[in-house]
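Since the structure is predicted, the reported quantities are computational estimates derived from the model, not experimental observations.
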Amino acid sequence: MDKLTLRAVVLAAVVTLAGCSSSDTDIEKVPDRSAQALFVDAREALDNGLYQKAIQILSAIDSRFPFGPISHQVQLDLLFAYYKTGNAEQGIALADRFLRLNPKHANVDYVYYMRALINIATEENLFQDLAGIDRSDRDPSASREAFKDLRKIVDDHPNSKYASDARKRMIAIKSRLAKYELAVAKFYLKREAYVSAANRARYIVEYYAPTLETEAALELMVECYQALGLEELKRNTLQVLAANYPNNALLSN
């Protein structure tokens, strides 16, 4: 199978999975058994990677036994299944509901973590990744929401088993957000909106440093301040550039 055909198959599979959700009809198809018996079936489906089947069973349990002794674990497993099937809308709605009703639950760190992963996944647009399209100028709302949840884990649950991975993912998201701000700054620069461009670049330096985009942001600030005739601000920015990037080409001018 050649690359183009393989990609088409992968894309078709993603579309199919993303469009699947557990409807009332699906829930009705689940046998009328005890919550514990159904939960065993759901766990078996999860263990075998049959996430859509697991969603069907877990949704039935959640609907029929909303206040049972395993209700919280059912919702946590359902959240995981939604993530694995790419069902962002249902997953985020479930996470929101869980956190609203159970703010002190022992597993809230997991819920924050899963909601962050779901938001991150929405940023990973397979169509554009396969086509090699630069996505840095896309709306980063999902990344911002993910960053908030990861920070919540790091700040409020520092001993969580998810804290280490949360820190690593925050670094990657900072770079994503910095790229977006830099793309916006360059957009303004092309239109000679120097004040707006400089402000967006300064925002990168203040809130997203250190990232790979920081040096480019400082360079852009220098260009804008020169265009605006703001020599003191230009001089101060060059000093920051020299302190952090001593080999930068602008410093030899």
| query | Which residue, Tyr180, Phe147, Tyr203, forms the ring-ring contact (aromatic ring centres under 6.0 Å, His included) with Tyr208? | reply | Tyr203
| request: Evaluate side chain to side chain contact (heavy atoms under 4.5 Å, CB included) for Met114 paired with Leu117, printing each intermediate quantity in order. | output: CA-CA 5 Å; Met114 290 307 302; Leu117 292 188; 4.1 Å; yes
| field | Side chains of Val108 and Asn102 in contact at under 4.5 Å (non-hydrogen atoms) | value | no
| task | Determine, using the 4.5 Å side-chain heavy-atom cutoff (strictly less than), whether Leu50 and Leu46 are members of one ILVMFWY cluster. | result | no
| request: Please check if the side chain of Ser63 supplies one atom and the backbone of Ala60 the other of a donor-acceptor pair under 3.5 Å. | output: no
| message | Quick one, Gln226 and Glu223 - any side-chain contact, counting heavy atoms below 4.5 Å? | response | no
| message | Which residues pass the salt bridge (Lys or Arg N to Asp or Glu O under 4.0 Å) test with Arg115, not counting sequence neighbours? | response | Asp96, Asp149
| query | Please walk me through it: do Asp165 and Tyr113 pass side chain to side chain donor-acceptor pair (under 3.5 Å)? | reply | CA-CA 9 Å; Asp165 189 61; Tyr113 182 69; 2.5 Å; yes
| request: Answer yes or no: is there a side-chain heavy-atom contact under 4.5 Å between Lys179 and Ser175? | output: yes
| note | Note: Gly91 and Leu79 closest approach over all heavy atoms is O-CD1, 3.3 Å
| When you look at Glu181 and Arg144, which way does the salt bridge (charged side-chain N to carboxylate O under 4.0 Å, His left out) test go after all the steps? | CA-CA 12 Å; Glu181 293 297 331; Arg144 289 196 183 105; 3.6 Å; yes
| Smallest separation among heavy atoms of Ala197 and Ala185, with atom names | CB-O, 3.4 Å
| Val205 versus Ala217, closest heavy-atom pair with distance | CG2-CB, 4.1 Å
| Do you know which two heavy atoms are closest between Pro31 and Arg64, and how far apart they sit? | O-NH1, 2.9 Å
| Side-chain donor/acceptor of Arg191 to backbone N/O of Phe187, under 3.5 Å | yes
| said: As an exercise, state the distance from CD1 of Ile70 to CD of Gln75, rounded to the nearest 0.5 Å. | reply: 10.5 Å
| field | Backbone of Gly68 reached by a side-chain donor or acceptor of Ser71 within 3.5 Å | value | yes
| task | Compare all side-chain heavy atoms of Phe39 with those of Leu58 and state whether any distance is below 4.5 angstrom. | result | yes
| query | Among all residues two or more places apart in sequence or in another chain, which pass the ring pair (Phe, Tyr, Trp, His ring centres under 6.0 Å) test with Tyr188? | reply | none
| message | I'd like to check Thr211 versus Leu177 (side-chain heavy atoms, cut-off strictly below 4.5 Å). Are they in contact? | response | no
| task | State whether the side chain of Thr214 and the backbone N or O of Pro210 hold a donor-acceptor pair below 3.5 Å, judged by distance alone. | result | no
| query | In terms of hydrophobic clustering (I, L, V, M, F, W, Y; side-chain heavy atoms under 4.5 Å; direct or indirect links), are Tyr112 and Ile171 co-clustered? | reply | no
| Would you find more than 12 non-hydrogen atoms of other residues, nucleotides or ligands less than 6.0 Å from Asp32 atom CG? | no
| query | Between Asn107 (side chain) and Tyr110 (backbone), is there a donor-acceptor pair under 3.5 Å? | reply | no
| task | Scan for ring-ring contact (aromatic ring centres under 6.0 Å, His included) pairs involving residues 87-109, sequence neighbours excluded, and state none if there are none. | result | His72-Phe98, His72-His105, Phe98-His105
| Do the non-hydrogen side-chain atoms of Leu78 and Ile61 ever get within less than 4.5 Å of each other? | no
| In Å and rounded to the nearest 0.5 Å, what is the CZ to CD distance from Arg176 to Glu213? | 10.5 Å
| message | Are Met221 and Leu251 connected into the same hydrophobic cluster when the rule is that any two of I, L, V, M, F, W, Y join if their side-chain heavy atoms are below 4.5 Å apart? | response | yes
| task | Would you confirm whether Thr237, through its side chain, and Leu233, through its main-chain N or O, come within 3.5 Å as a donor-acceptor pair? | result | yes
| message | Counting C-beta onward and ignoring hydrogens, is there a side-chain heavy-atom pair between Gln90 and Ile55 closer than 4.5 Å? | response | no
| task | Give the cluster check for Val40 versus Leu76: same hydrophobic cluster or not, with ILVMFWY residues linked at side-chain heavy-atom distances below 4.5 Å. | result | no
| query | Can you tell me how far CD of Gln56 sits from CG of Asp41, rounded to the nearest 0.5 angstrom? | reply | 11.0 Å
| What is the minimum heavy-atom distance between Asn248 and Glu215, and which atoms define it? | ND2-OE2, 2.7 Å
| field | Over 12 non-hydrogen atoms of neighbours within 6.0 angstrom of NZ in Lys174 | value | yes
| field | Check ion pair Arg235-Glu232 (N to O, under 4.0 angstrom) | value | no
| task | Please report the closest heavy-atom contact between Ala163 and Pro158, naming both atoms and the distance. | result | CB-O, 3.5 Å
| request: Compare all side-chain heavy atoms of Tyr51 with those of Tyr83 and state whether any distance is below 4.5 angstrom. | output: no
| request: Output the distance between atom NZ (Lys234) and atom CD (Glu231), rounded to the nearest 0.5 Å. | output: 5.0 Å
| query | How many angstroms lie between CZ in Arg43 and CG in Asp47, if you round to the nearest 0.5 Å? | reply | 7.5 Å
| said: To the closest 0.5 Å, what do you measure between CG (Asn247) and OG (Ser252)? | reply: 10.0 Å
